[in-house]
Amino acid sequence: MVLAPSAPTVGFDLDMTLIDSRPGVRACYQALAERTGTYIDAELAVSRLGPPLVDELAHWFPADRVEEVADLYREMYPVYAISPTPALPGAREAMAAVRDAGGRAIVVTAKYEPNAKLHLAHLGIGPDAVIGGLWAEQKALALREHDAAVYVGDHVGDVRGARTAGALSVAVASGPCDVTELRGAGADAVLTDLTEFPRWFSDYCIGGRSDN
C-alpha cells in the first residue's frame, strides 16, 4: 500500500495526457516540410509523440541540421500548433480533483516550455507550475523539486520518470503506448484516460490504494 499525503502534489505530462497535440503538431510539421523543402511524414511523426523534438527531427534531417531545424520548428509552433490543439477529455477535471483535495497540480513535459505554457493558457488550464524540456528519467528532477507524490503520463518514458523520482506512476492509455506496454514498464495504475482519474485519485487520497 502506498499512503497518500494529505495534500499531494501531482505532476501531469502534457502531450497526449492533458492535450491532443496531434492536429497542431501535424500542421507544424507540414509547414516545416514546406519551409525547408524536406519530406516529413507528419502522420508518422504524430503517431510517436513523447520523446524530445530533436529525436523526431533526426529521422528527417542530417545530424548537423537538427538543432537549427528544431529552433525553426519552435519558432513556427505558436502560429501553427496552438489553436488546433484541444484538451483531452477529463483534463480539467483531473486538475480540479487535485486542487479540491488541497493539492498542487504541475505540468512536467518534454515540450519547449514557452510553447507548453501557450497551450495551457489557450485552453484555460492553469497548473501551479510548468516545467518543460525534460524527458523520461530527466522528469524526476522537476518531480523531486516539487515533491510530487504522483506523476500522470501516457508514455513508458513517463513511467520511468515517475519511478526515478520515487513517485507513484499513473499511466493513461491515451497516447502511443497501450495498456500492455504501460503495465510492462511498471506503471502502478493504468487508466483508459483522464476521465477515470478523479475516482482513482479519490481512492488514493482516502486509502492510499495504488492499484486499478
Side-chain angles (χ1 to χ4, degrees), residues 11-61 66 69-96 105-127 130-136 139 151-158 161 170-179 181-182 190-197:
F12 292 89
D13 178 47
L14 184 64
D15 290 343
M16 304 311 301
T17 298
L18 290 171
I19 65 173
D20 183 353
S21 50
R22 291 172 297 184
V25 169
R26 182 186 299 111
C28 196
Y29 274 129
Q30 290 168 340
L32 182 69
E34 183 176 352
R35 176 81 69 89
T36 61
T38 300
Y39 174 74
I40 300 172
D41 186 336
E43 292 296 335
L44 178 58
V46 301
S47 74
R48 51 193 185 196
L49 292 175
L53 170 64
V54 293
D55 289 9
E56 182 61 42
L57 293 178
H59 293 292
W60 313 107
F61 294 89
V66 167
V69 176
D71 287 342
L72 176 59
Y73 175 95
R74 294 182 188 109
E75 178 184 326
M76 297 170 63
Y77 193 93
V79 175
Y80 293 96
I82 302 301
S83 295
T85 298
L88 280 167
R92 294 179 177 86
E93 293 81 358
M95 285 206 167
I106 66 173
V107 172
V108 182
T109 174
K111 189 178 291 296
Y112 180 54
E113 188 173 305
N115 288 339
K117 290 179 176 178
L118 287 176
H119 274 301
L120 294 163
H122 176 74
L123 295 170
I125 298 173
V130 180
I131 305 94
L134 299 176
W135 162 241
K139 293 187 174 188
Y151 185 59
V152 186
D154 66 281
H155 198 282
V156 294
D158 298 323
V170 177
V172 286
S174 49
C177 300
D178 63 23
V179 169
E181 289 177 277
L182 295 166
V190 181
L191 312 178
T192 301
D193 57 33
L194 283 180
T195 62
E196 298 178 2
F197 179 82

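Residues Ile40 and Glu56 have side chains not in contact (no heavy-atom distance under 4.5 Å, counting atoms from C-beta outward). Proximity of Leu53 to Arg74: side-chain heavy atoms (C-beta onward) are separated by under 4.5 Å at one or more points. Using a 4.5 Å heavy-atom threshold, the side chains of Leu118 and Asn115 count as touching. At a threshold of 4.5 Å between non-hydrogen side-chain atoms, the residues Pro51 and His155 count as touching. Inter-residue side-chain proximity for Phe12 and Thr109 is flagged as unmet; no heavy-atom pair is nearer than 4.5 Å. Side-chain contact between Val69 and Leu32: present, with at least one pair of heavy atoms (C-beta onward) separated by less than 4.5 Å. Here the side chains of Leu49 and Asp154 are not in contact, with every heavy-atom distance at 4.5 Å or above. Tyr29 is listed as a side-chain neighbour of Leu57, based on a closest heavy-atom distance under 4.5 Å.
Annotation: the span from Leu134 atom CG to Lys111 atom NZ amounts to 14.0 Å, rounded to 0.5 Å. Atom NE2 of residue His119 and atom OG1 of residue Thr85 lie 4.5 Å apart, to the nearest 0.5 angstrom. Rounding to the nearest 0.5 angstrom, the gap separating the OG1 atom in Thr17 from the CG atom in Asp158 is 5.5 Å. Rounding to the nearest 0.5 angstrom, the gap separating the CD1 atom in Ile106 from the CD1 atom in Ile131 is 4.5 Å. To the nearest 0.5 Å, atoms CD (Glu196) and CD (Glu93) are separated by 13.0 Å.
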Derivation of the side chain to side chain contact (heavy atoms under 4.5 Å, CB included) call for Asp193 and Leu88: CA-CA 8 Å; Asp193 57 33; Leu88 280 167; over 6 Å; no
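The heavy-atom pair separating Cys28 from Ala81 by the smallest distance is CB-CB, 4.5 Å. Smallest separation of non-hydrogen atoms from Ile125 and Arg92: CG1-CG, 4.0 Å.
The six-membered or imidazole ring of Phe61 lies away from that of Tyr73, with a centre-to-centre distance of 6.0 Å or more.
Tyr151 contributes a side-chain N or O that, together with a main-chain N or O of Val108, makes up a donor-acceptor pair within less than 3.5 Å. Checking side-chain atoms of Glu34 against main-chain N and O of Ala31 turns up no donor-acceptor pair under 3.5 Å. Panel note: side chain Ser174, backbone Met16; a donor-acceptor pair is recorded below 3.5 Å.
In this model, a donor atom of one side chain and an acceptor atom of the other lie less than 3.5 Å apart for Ser21 and Asp15.
Shown here is Arg35, whose CZ atom has no more than 12 heavy atoms of other residues, nucleotides or ligands within 6.0 Å.
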